[in-house]
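Heads up, the thing below is written out as structure tokens.
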Amino acid sequence: MNSQTLVEVRNLKKYFPVRSGILQRAKHWIKAVDNVTFSIKEGETLGLVGESGCGKSTTGRAILRLLPVTGGEVIFQGKDLLTLKGESLRKARKEFQMIFQDPYASLDPRMTVAQIVGEPLKAHEPELSAADRDARIIETMEAVGLNASHLRRFPFEFSGGQRQRIGIARTLILKPSLIVADEPVSALDVSVQAQVINLLIQMRERFRLTYLFISHDLSVVKHICDRVAVMYLGRIVEIGEKREFFKTPLHPYTHALLASVPEPDPFRKKERNILPGDIPTPLNPPPGCHFHPRCSKAMEVCRKDIPVLRDHGNSHYVACHLP
Ligand code: SF4
């Protein structure tokens, strides 16, 4: 694997205003993404995991500028994507694409498959002739396991797995560098999830792709990712190489997440570590370590001081006051 950094996210912040009063002034802020820092190497797949509402999808959207951000930097090829405008932003957008969670909602039902897959080419490569565009569409469709006979059909004529293949083809047609895959299989039947994951792995090798893979499903993440980052209430609490992460998780929240993954072998018993309580509201998160009300190891310092990511060796970083 090439060890060059493709994208570096530094102190990314996305705060949503909570408005009230006649003037609708922002009285409070929801810190959906709060000082998130990580990098992804070329050809790598970084998994971003955590419970629903932890800020992982907002992070993906903020990186792609699908949302205005509050602060931070996203460095790609020496430039901060968050400051680009006009033509330079349009060019950068070609390099960064997204696969959405819901293949039912993300495809326009009035467009044919050829129109859906070819649409990004019209926007980003308008100089292509119709014949060249059709050739690119067919080539990309075949790469994802569909064929030319599907081109004139509409999304409703396809199964969930095939629709997600159409979504992947639309993403690949611009030959991007980074793909943010936001829960790409969670809306699919279990029987087709593995096929789509294997397709994403094949596409990564064939087109030298880099993924930010957002998921709440740790067994899927274990299969496809090289490194894993865990988010809790807008912050990254642990990040490390996959092998190290699954073998020696260090953050108490990661322990709880791993303990909640169902054990496929009914004869193997697993340590029970069920988290007490629900994830607190991001409108009023607990001070210090956000996880302290649910943490069995919480100390006095945890209620006051925000733990920062500390290096535990082997590229394993953990934000916890435990030694
Ligand atoms: Fe638990 Fe304290 Fe570590 Fe937070 S900092 S995870 S409360 S031990």
Side-chain angles (χ1 to χ4, degrees), residues 9-16 28-39 46-60 70-72 212-219 221-222 225 227-263 270-323:
V9 177
R10 296 181 189 153
N11 303 316
L12 188 68
K13 298 187 189 83
K14 174 61 193 172
Y15 299 170
F16 292 98
H28 304 280
W29 296 87
I30 292 177
K31 296 183 176 179
V33 179
D34 194 14
N35 260 323
V36 161
T37 294
F38 60 83
S39 59
L46 174 68
L48 193 55
V49 305
E51 289 167 285
S52 162
C54 69
K56 52 193 192 305
S57 292
T58 308
T59 301
T70 308
L212 176 62
F213 190 90
I214 297 168
S215 180
H216 67 279
D217 187 336
L218 280 162
S219 42
V221 164
K222 193 172 187 178
C225 295
R227 278 191 307 139
V228 187
V230 179
M231 280 188 84
Y232 188 78
L233 275 180
R235 297 176 186 159
I236 288 189
V237 296
E238 179 156 8
I239 182 165
E241 302 287 339
K242 173 173 75 177
R243 184 189 292 246
E244 175 88 10
F245 176 88
F246 283 98
K247 198 164 140 236
T248 332
L250 294 175
H251 197 282
Y253 178 57
T254 310
H255 274 275
L257 278 185
L258 288 170
S260 66
V261 177
E263 175 56 69
K270 183 176 204 176
E271 178 200 346
R272 301 291 285 168
N273 186 4
I274 302 301
L275 277 176
D278 293 326
I279 192 164
T281 165
L283 185 56
N284 188 18
C289 172
H290 287 341
F291 187 58
H292 81 249
R294 303 170 84 189
C295 180
S296 60
K297 301 196 169 145
M299 306 164 282
E300 200 44 45
V301 63
C302 307
R303 296 175 230 289
K304 293 185 300 210
D305 296 346
I306 300 172
V308 294
L309 284 169
R310 276 188 299 132
D311 188 354
H312 284 252
N314 299 326
S315 307
H316 193 170
Y317 295 83
V318 184
C320 176
H321 292 302
L322 288 172

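Note that ligands are numbered from 1 as they come in the structure, with each ligand's atoms numbered from 1 the same way.
Counting only heavy atoms of the protein, atom 2 (Fe) of ligand 1 lies nearest to C302 SG, 2.2 Å. In terms of protein heavy-atom proximity, atom 1 (Fe) of ligand 1 is closest to C295 SG, 2.4 Å. Scanning the protein heavy atoms around atom 3 (Fe) of ligand 1, the nearest turns out to be C320 SG, 2.3 Å. The shortest contact between atom 4 (Fe) of ligand 1 and any protein heavy atom is with C289 SG, 2.4 Å.
Salt bridge E244/K247: absent, no basic N to carboxylate O contact under 4.0 Å. Ion pair R227/E238 not flagged as a salt bridge, since none of the NZ, NE, NH1 or NH2 atoms sits closer than 4.0 Å to an Asp/Glu carboxylate oxygen.
Residue P252 has at least one heavy-atom neighbour below 4.0 Å for each of these atoms of ligand 1: 6 (S). Atoms of ligand 1 lying under 4.0 Å from at least one heavy atom of H251, given by number and element, are 6 (S).
Heavy atoms only, all atoms of each residue included: G55 and V33 are closest at O-CG2, 3.7 Å.
When atom types are taken as modelled, the side chain of R310 and the backbone of C320 share a donor-acceptor pair closer than 3.5 angstrom.
Aromatic ring pairs are classed by plane angle as parallel below 30°, tilted from 30° to 60° and perpendicular above 60°; the pair H251 and F291 is tilted.
Among the backbone and side-chain atoms of H321, no N/O/S atom is found under 2.8 Å from atom 1 (Fe) of ligand 1.
Between I239 and L46 the shortest side-chain heavy-atom distance falls below 4.5 Å.
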